[in-house]
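First comes the structure, then the notes that go with it.
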Amino acid sequence: MPGDVRAGLPELKLYNTLTRTKESFAPIDPASVRMYVCGPTVYDFAHIGNARPVIVFDLLYRLLRHLYGVDHVRYVRNITDVDDKINARAAAEHPGLPLNEAIARVTFATEAQFHDDLEALGVLHPDVEPRATEHIAEMRTLIEKLVASGHAYVAEDHVLFSVPSMPDYGALSRRPLDEMIAGARVDVAPYKRDAMDFVLWKPSKEGEPGWPSPAGIAPLGRPGWHIECSAMSWRHLGETFDIHGGGIDLIFPHHENEIAQSRCAFHSGVMAHTWMHNGFLQVEGEKMSKSLGNFITIRQLLADWPGDVLRLNMLRTHYRQPIDWTLKGLEESAKALEQFFDAAAPDAYPRPAPAVLEALADDLNTPKAIAELHALKDHAGKKALGGTLAFLGFTDGPLRAWQAAKAPALDVDLTMVEARIAERIEARRNRDWAASDRIRDELLALGVALKDNKDGTTTWEPKR
RNA sequence: GGCCACGUGGCGGAGUGGUUACGCAGCGGACUGCAAAUCCGCGUACGGGGGUUCGAUUCCCUCCGUGGCCUCCA
């Protein structure tokens, strides 16, 4: 490598769920830093909780690209397009269609909605966005490997992963096997050898999507939930890679099972070196759920706020902390963003100010980074602020459009306003404060707010 | 029940073994004919109780509270 591309850059530290400590990040290959993040299951509009990992890991992606070079980072975020919820949705929405066609419609439409949402949130496209249904072959290969090595077995046309075959299963979630078995509240399927065993492949029911099964199973089948991520990360990032991210709720069982599948299939001690998990989101102090009626989609929020405000609001809390999503918070975020863009030079080259970069390099300390943004606003150059905002994924266009749209429509005669202002200046020159104040009040009633500037001029702006 | 997080000033939210986070709101001041805008300044916080320490918000124990996972879930 010609010189050290990272010279002068801060050391990146990331909290690793696997070790429960903040560690210095050292990629397997600095020329190809590899990150996998669990993406959405496409059956409905994404909610604001779904937006959190997408925004957080987008920021990490931007940071990695800055530290290692745009062409030296490979970011994979999958689309899960095979799932019972998708099937149910498809049957409900398109009752007249064959199920497979209905499913295609649902997943296609949902994926498009998701992409629209992310664009509004300022999220970059990952380098690869693989779909589960396009990686069935890889899944089958993995399953065959696992069966061949004794880590999986066939029972009643299912393939199950044998958890006891992996002695250190549970390391990520820190759940020793015996405890889990003791505390298991699950109905154990009779064909499981062990209560903890999980499904890699299952037979498709009549009318469900199905693919040729592995391991000599005759009927068509479909994959279990966990195998797809092992297959897609393998295909696009290799047997071992640097970072695997997702929501904290995925630690168990999803990520634990991914690790089991990948490590046992490749006889490896490691799937990903760094495991990162974002905290959960609540809405106005309550858990978000459909039954409480506080279930908010990204799309609903975008009707009221520019995506950049949602993005800033998300980043005001450190990614590992729980976040309480509130209207008050959104209002504060909007205000801060307006201040930033009022103070920033437009179309600045995307480049993080050193203090912001340092904050981000410390396990994505975005609240600290935002504090530095305020410092830049007050003390540093407009270009530094503008460049940093651009680096962080903020653009002012939607914000400005939003400001214009929410401003009360002014139906005033500009010539009249200018005339009244001139009239008031004359009154003030004559120290006729009563007349001056009357004119100001009258214009304010029309939505025109006057400002007497230090240089003696008077300007106006729409009343806020 | 088991496991894992979290509890910071009015609110949001970083961080640290001993000096200021930062933002919003509030208050005071400057400026102004009065305002608006702007600028300056101010509050003196770390859930309760023990312990370690010269010293703890920061480490340990414990209690209380909140949330999450253990079943699909960002």
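Numbered from 1 within each chain, the chains take letters A, B, ... in sequence-line order. A quick note: this is a predicted structure, and the numbers were derived from the prediction, not measured.
The distance between atom CG of Asp44(A) and atom P of A74(B), rounded to the nearest whole Å, is 11 Å. Between the CG atom of Leu250(A) and the C1' atom of A74(B) there is a distance of 6 Å, given to the nearest Å. Note: CG (Leu172(A)) to P (C3(B)) measures 18 Å, nearest angstrom. As a whole-Å value, the separation of Met196(A) CE from U71(B) P is 7 Å. Distance, Ile323(A) CD1 to A5(B) C1': 16 Å, rounded to whole Å. Atoms CG (Leu364(A)) and P (G13(B)) sit 17 Å apart, rounded to a whole Å. Rounded to whole angstrom, the span from the CD1 atom of Ile251(A) across to the C1' atom of G68(B) amounts to 10 Å. Taking atom CZ on Phe198(A) and atom P on C72(B), their separation rounds to 12 Å, with Å as the unit.
A salt bridge does not link Glu93(A) to Arg105(A): none of the charged side-chain nitrogens sits closer than 4.0 Å to a carboxylate oxygen. Using a cut-off of 4.0 Å between Lys/Arg side-chain N and Asp/Glu carboxylate O, Arg440(A) and Asp437(A) are scored as salt-bridged. With respect to Asp342(A) and Arg400(A), a salt bridge is recorded, a charged nitrogen being found less than 4.0 Å from a carboxylate O.
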(request) Could you provide the dot-bracket string of RNA chain B, using ( ) for intrastrand pairs, [ ] for crossing pairs and | for bases paired to another strand, with Watson-Crick or G-U pairs below 3.5 Å? (result) (((((((..(((.....[...))).(((((.......)))))....(((((..]....))))))))))))....
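Residue pairs meeting the salt bridge (charged side-chain N to carboxylate O under 4.0 Å, His left out) criterion with at least one partner in residues 242-259 of chain A, sequence neighbours excluded, are absent.
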Under 3.5 Å, which N/O atoms of the protein pair with N/O atoms of nucleotides 41-46 of chain B?
none

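Contacts of Gly246(A) with the nucleic acid, taken as non-hydrogen atoms under 4.0 Å apart, involve only primed sugar atoms and P, OP1 or OP2. Among the atoms of the strands shown, base atoms are found under 4.0 Å from some heavy atom of Leu281(A).
Here the separation of C60(B) from G43(B), taken at their C1' atoms, is 33 Å to the nearest Å. C64(B) and G48(B) are spaced 15 Å apart, taking the P atom of each and rounding to whole Å. Taking the P atom of each, U71(B) and G9(B) are spaced 36 Å apart, rounded to whole Å. G47(B) and A56(B) have their C1' atoms separated by 15 Å, given to the nearest Å. For G26(B) and G65(B), the P atoms lie 36 Å apart once the distance is rounded to whole Å. Between C34(B) and A25(B), the two P atoms lie 24 Å apart (nearest whole Å). Separation of the C1' atoms belonging to A74(B) and G15(B) is 27 Å when rounded to the nearest angstrom. Comparing G23(B) with G17(B), their C1' atoms sit 27 Å apart, to the nearest whole Å.
Residues Gln282(A) and His254(A) both approach RNA chain B. Their nearest nucleotides, taken by heavy-atom distance, put Gln282(A) toward the 5′ side.
Ring stacking holds between Phe280(A) and A74(B), with the centres under 5.5 Å apart and the planes within 30 degrees of each other.
With sequence neighbours excluded, the residues forming a side-chain contact (heavy atoms from CB on, under 4.5 Å) with Glu423(A) are Arg420(A), Ile439(A), listed by chain and number. Listed by chain and number, the residues in a side-chain contact (heavy atoms from CB on, under 4.5 Å) with Asn365(A) are Pro367(A), Lys368(A) (sequence neighbours excluded).
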(message) Counting primed atoms plus P, OP1 and OP2 as sugar-phosphate and everything else as base, spell out the protein contacts along nucleotides 20-36 of chain B at 4.0 Å heavy-atom distance: B, S or - for each nucleotide, 5' to 3'.
(response) -BSBSS-----S-BBBB
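Two rings, from Phe340(A) and His374(A), have their centers less than 6.0 Å apart.
Counting only N and O atoms by type, the side chains of Tyr169(A) and Asn257(A) include a donor and acceptor under 3.5 Å apart. Residues Asp197(A) and Ser162(A) have side chains that never bring a donor and an acceptor to within less than 3.5 angstrom of each other. Side chains of Tyr75(A) and Asp58(A): a donor-acceptor N/O pair is absent below 3.5 angstrom, by distance only.
In this structure, the side chains of Met232(A) and Tyr36(A) come closer than 4.5 Å at one or more pairs of heavy atoms. Within the 4.5 Å cutoff, the side chain of Leu59(A) has no heavy atoms near those of the Leu63(A) side chain.
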(request) Show your reasoning for whether side-chain contact (heavy atoms from CB on, under 4.5 Å) applies to Leu142(A) and His135(A). (result) CA-CA 11 Å; Leu142(A) 282 181; His135(A) 295 74; over 6 Å; no
